[in-house]
Every structure is written in C-alpha cells, then in structure tokens.
Amino acid sequence: MNLRLKILTPIMVALGLALLPTPENLAPHAWYFFAIFAGVIVGLMLEPLPGGAIGMIGVTLVSLLAPWVLFAPQELQNPDFKPVNAGINWAVSGFSNTTVWLIFSAFMFALGYEKTGLGRRIALLLVNRMGRRTLTLGYAIALADTLLAPFTPSNTARSGGTIYPVIRNLPTLYGSLPNDPSARKIGSYIMWVAIATTCVTSSMFLTALAPNLLALELVRKTSSISISWMDWFEAFAPVGIVLLILIPLITYWIYPPEIRNGDEVPKWAARELSEMGQLSGNELILAVLVALALGLWIFAGSYINATTTGLLVISLMLLSGVFSWDDMMKHASAWNTLAWFATLVALAEGLNRVGFVKWFADQVAVHMQGFAPFTAMVLLVMIFYVTHYLFASVTAHVTALLPVMLAVGANIPGIDMQLFALMLCLTLGIMGILTPYATGPSPVYFGSGYLPSKDYWRLGAIFGIVFIIVLLVVGLPWLALIR
C-alpha cells in the first residue's frame with residue numbers, strides 16, 4: 001500500500017462511519033467520537049506517520065470538534081461550562097498519567113543497556129557458555145531475553161535491537177545462509193526460538209512490553225482494578241517458566257536443525273567478548289541501578305510509586321554518566337512512545353467518557369447470556385487473543401478492544417473481574433507469536449531470510465495454540481490457588 005493510500009484510508013474510515021446512521025440507544029456525539037477513534041486505530045495499523053503523530057492528530061481533532069464529539073448536550077447547556085478549555089484539558093490529560101511516564105522510564109533503561117553494552121555482553125556470555133550444542137544454544141537465547149526483559153519495555157529494542165544483532169552472526173559460522181536451502185541447518189531454529197521467546201517474556205514481566213503498562217492503566221480506569229508489578233509476575237511466572245522450557249525443545253522437535261552441535265559458536269562469542277574487554281565501570285553501575293529498580297518495584301511498592309522509582313533511577317544514570325541528557329534527547333523512539341501512549345490513554349478514556357464502551361458492551365453481553373461466568377470468561381479471553389490476527393500492533397489491539405472486553409465482562413453476573421482483567425492482560429505478549437506482523441520484532445525475524453512465509457504462519461499457529469492452552473491450563477488453576 002503506497003503512502004497516499006495509507007493516509008487516505010484512516011480518513012475515509014472515520015468519515016464513512018460518521019456518515020452512517022447513529023446506532024439505536026447511542027448518543028450521536030458518542031458515535032462521532034468512535035468514528036474518529038476508529039480512524040486513529042486504522043492509522044496505527046497502517047502507520048502512514050509515526051504512532052505519536054497519529055495520536056496527536058487524533059486528540060487535536062477531537063479537541064477542535066469537542067462540542068460535537070466529546071460532550072453531551074446537557075453538559076453544553078451549563079453556562080459555566082467552557083467546551084474550548086475542557087476539550088484541550090482532555091487532550092493533554094494523558095501527559096499527566098503516571099503510567100505513561102513509567103513506560104518512558106523503562107525506555108531509558110533500555111538506552112542504558114545500549115550505551116554501556118551490558119545487554120550485548122550478557123547475550124554473548126550465555127552464547128559462549130551454552131552454544132556448543134544447538135539445543136542449549138536455544139536455551140541461552142531464551143535466558144538472555146529473560147534477563148533483559150524486566151527493564152526493556154520495547155521487545156523490538158530487546159529482541160530486534162540486542163538479541164538479533166548477536167545471533168544473526170551465528171548461522172553463517174556453519175554455512176547456514178539466509179534465503180537458501182542451507183537456512184534450515186541451524187539459522188531457522190535459532191531465529192524461531194528467539195521470536196517465540198520474546199513473546200513469552202513480553203507477557204512475563206509488566207515492564208517487558210509497553211502495551212502491558214497501557215493495559216494496566218485502562219484496567220484501572222475502566223474497572224477500578226489495580227495490578228502491581230509483583231501481582232503481574234506472580235500470575236504469569238508458572239506459565240512463563242513452562243513455556244520458556246518448552247520453546248527450544250518443541251522447536252527442536254517440529255522444526256529441527258540439521259546441525260546439532262559444534263564449536264564455532266562459542267569460539268566466535270569468546271572472540272567478541274575479548275574485543276569488548278573487561279566489564280566497564282558504566283556497565284557495573286547500570287547493573288547496580290537495575291537491581292535497585294527491581295528491588296524497589298518488588299518490595300517497596302507501598303512506599304515509593306513505581307514511576308517515581310523509574311525517574312529516580314534515570315536521575316542516577318544521568319548523575320553517574322551511564323548516559324547523558326543529549327543521549328536522552330536523541331532517543332526518538334522513547335519520545336515518540338511518550339506522545340503515542342499519552343494520546344492513546346486520552347482517546348481510550350474518551351471512548352468510555354462518551355458512553356460508547358458501555359453501549360457496545362451491552363450489545364455483546366446480550367449474546368453471552370446463558371453461559372456460566374467461568375465459561376464466558378474463557379471464551380472472551382480466547383476471542384481477545386485470536387482477534388490479534390486482525391492487528392499489526394499490540395498497542396492498537398489494547399486500545400481498541402481491552403476496554404470493550406472489560407465492559408462486557410462487567411455485564412456478566414458472577415464473573416471474577418480481577419481474574420478476568422489479569423487473564424486478558426497476560427495474553428498481550430504471547431499473542432505476538434501469531435503472525436509475521438503481530439509484534440514489533442516479528443518483521444525483523446520474518447525478514448531475516450531464515451523463516452520462509454509458509455513456515456512462519458505454520459509455526460505461528462502451532463505455538464499460538466500451545467501458548468493459549470498453557471495459559472488456560474496452567475495459569476487459571478494457579479491464579480485460583482494464589483488468590
């Protein structure tokens with residue numbers, strides 16, 4: 001799709017919806033707001049502009065049209081109500097959201113890994129120690145991603161930017177070349193283990209995937225349910241551990257490498273580590289600060305806000321020279337994400353504010369009558385998971401569907417909303433395995449030349465089924481036990 005069509009499509013979607021008759025029992029301004037919201041979601045899927053720019057355009061348009069799309073007629077009848085001021089206050093409200101700044105803070109942690117080289121060193125150390133056999137190499141890749149995940153909210157930066165640059169050098173050591181029959185020697189195995197692993201670690205830690213934090217905020221606003229860093233980790237840990245053990249092994253069985261062992265990989269890693277030299281002062285400082293952040297997030301949540309912890313550690317990184325203020329200013333993806341998520345939080349809140357979410361949930365709830373609460377919950381979780389085939393962005397998926405699913409659940413008598421909200425949120429990372437466009441690093445591995453299209457779709461379907469089954473079979477009983 002060319003750029004002009006990518007720009008026109010969201011506009012046509014928004015205008016087309018706005019021109020349709022307003023559905024029964026829904027206020028006209030709520031329908032117009034949804035039309036703009038739908039246009040933004042389509043824009044996020046097609047990406048004619050960066051996500052932050054699309055979100056900014058969306059909230060600006062709503063602010064300009066606030067009397068017609070954001071506020072009910074009874075609000076406008078109040079002589080003291082100023083829609084011009086109220087509209088812009090709503091538009092920038094997302095920038096005061098603490099979760100948005102926690103996401104930004106976590107991006108700065110990733111910058112620290114990049115600037116100091118600590119992330120690359122960890123990956124190389126594991127490859128050096130465990131790379132003699134192909135199966136243990138798979139576990140080394142999984143372990144490296146797991147160690148980096150709690151502090152890297154962009155799985156694109158973690159897997160695509162740190163893990164991939166290391167492992168892409170490994171297949172050629174054995175004559176396994178991209179876009180060649182030799183790819184299956186070892187390269188295909190390595191690449192699939194890497195992408196599958198990062199999908200699991202993205203669900204395992206709250207701070208391992210930026211949309212996790214956005215989902216947390218939407219859950220809090222929509223259902224008044226709070227989930228801490230430790231709550232999240234405890235809920236998914238048994239599922240994550242099982243899947244991290246299974247990924248290299250299942251891949252070894254159903255997508256086996258032709259080369260099972262060799263000395264070239266550890267020798268190459270040893271040479272790379274030798275060139276890096278001894279652990280630098282900045283790497284050591286970063287390791288201490290990362291441990292401090294993790295300790296405060298886990299044990300001091302009652303005394304210091306998670307976002308305050310993130311900002312504190314960023315300040316210490318600046319003071320200690322791990323990176324400079326100029327480095328922060330040049331980190332475009334972090335600032336883009338800040339604008340992106342701040343505007344999406346406002347748009348998602350607006351969808352709830354105008355009453356669209358409640359109206360839609362009421363329509364869906366009618367069709368869920370007759371199901372037992374537990375059955376309804378499982379069905380909704382599976383629908384939420386499978387519909388990711390329609391999205392090229394976890395963020396867009398969360399923003400569009402999570403509030404609706406939560407509202408539907410709230411309308412089903414007897415459903416455990418705390419459990420339901422957790423189960424929905426825990427699918428966000430693992431759904432990234434489904435397609436070559438499902439999550440940030442997917443296109444990196446799909447384009448590596450080691451995972452042909454038919455293989456990627458087939459493996460995505462197989463592992464997608466495995467992931468959701470383990471979540472339901474292991475995760476649900478575990479949550480019932482600990483709650």
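- Not less than 6.0 angstrom separates the ring centroid of Trp101 from the ring centroid of Phe95.
- Results of the side-chain contact (heavy atoms from CB on, under 4.5 Å) test with Pro238 over Leu481, Leu479, Val474 single out Val474 as the only residue that passes.
- Ring orientation note: the planes of Trp335 and Trp325 are nearly perpendicular, at an angle over 60° on the 30°/60° scale.
- Asp327 is linked by a salt bridge (charged side-chain N to carboxylate O under 4.0 Å, His left out) to Lys115, counting only residues two or more places apart in sequence or in another chain.
- Applying the ring-ring contact (aromatic ring centres under 6.0 Å, His included) test to pairs two or more places apart or on separate chains, those with a residue in residues 242-290 are Tyr189-Tyr252.
- For the atom pair NZ (Lys221) and CG (Leu216), the distance works out to 12.5 Å, reported to the nearest 0.5 Å.
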Determine, stepwise, if the pair Ser320 / Leu289 fulfils side-chain contact (heavy atoms from CB on, under 4.5 Å). CA-CA 10 Å; Ser320 60; Leu289 293 178; 4.3 Å; yes
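- Taking the six-membered ring for Trp and thresholds of 30 and 60 degrees, Phe233 and Phe205 have nearly parallel ring planes, at less than 30 degrees apart.
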side-chain hydrogen bond (donor to acceptor under 3.5 Å, both in side chains) evaluation trace for Asp455 with Ser188: CA-CA 10 Å; Asp455 290 353; Ser188 298; 5.8 Å; no
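- Put simply, CZ on Phe236 and CG on Leu243 are 5.5 Å apart, with the number rounded to the nearest 0.5 Å.
- Met276 CE to Leu124 CG: the interatomic distance, rounded to the nearest 0.5 Å, is 6.5 Å.
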Please set out all donor-acceptor pairs under 3.5 angstrom arising from side-chain atoms of residues 459-473, sequence neighbours excluded.
none

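- We find the CD1-OH distance between Ile433 and Tyr456 to be 5.5 Å, quoted to the nearest 0.5 Å.
- The 12-atom threshold is not exceeded at CE of Met382, counting heavy atoms of other residues, nucleotides or ligands nearer than 6.0 Å.
- The distance from atom CG of Leu311 to atom CZ of Phe104, rounded to the nearest 0.5 Å, is 8.5 Å.
- Tyr174 OH: more than 12 foreign heavy atoms inside a 6.0 Å radius.
- One distance of note links CG of Leu319 with CD1 of Ile314; it measures 12.0 Å at 0.5 Å rounding.
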Could you walk me through whether Val239 and Ile430 pass the side-chain contact (heavy atoms from CB on, under 4.5 Å) check? CA-CA 11 Å; Val239 177; Ile430 59 175; over 6 Å; no
Asn155 vs Thr198, test: side-chain hydrogen bond (donor to acceptor under 3.5 Å, both in side chains). Steps then yes/no. CA-CA 7 Å; Asn155 57 4; Thr198 206; 5.0 Å; no
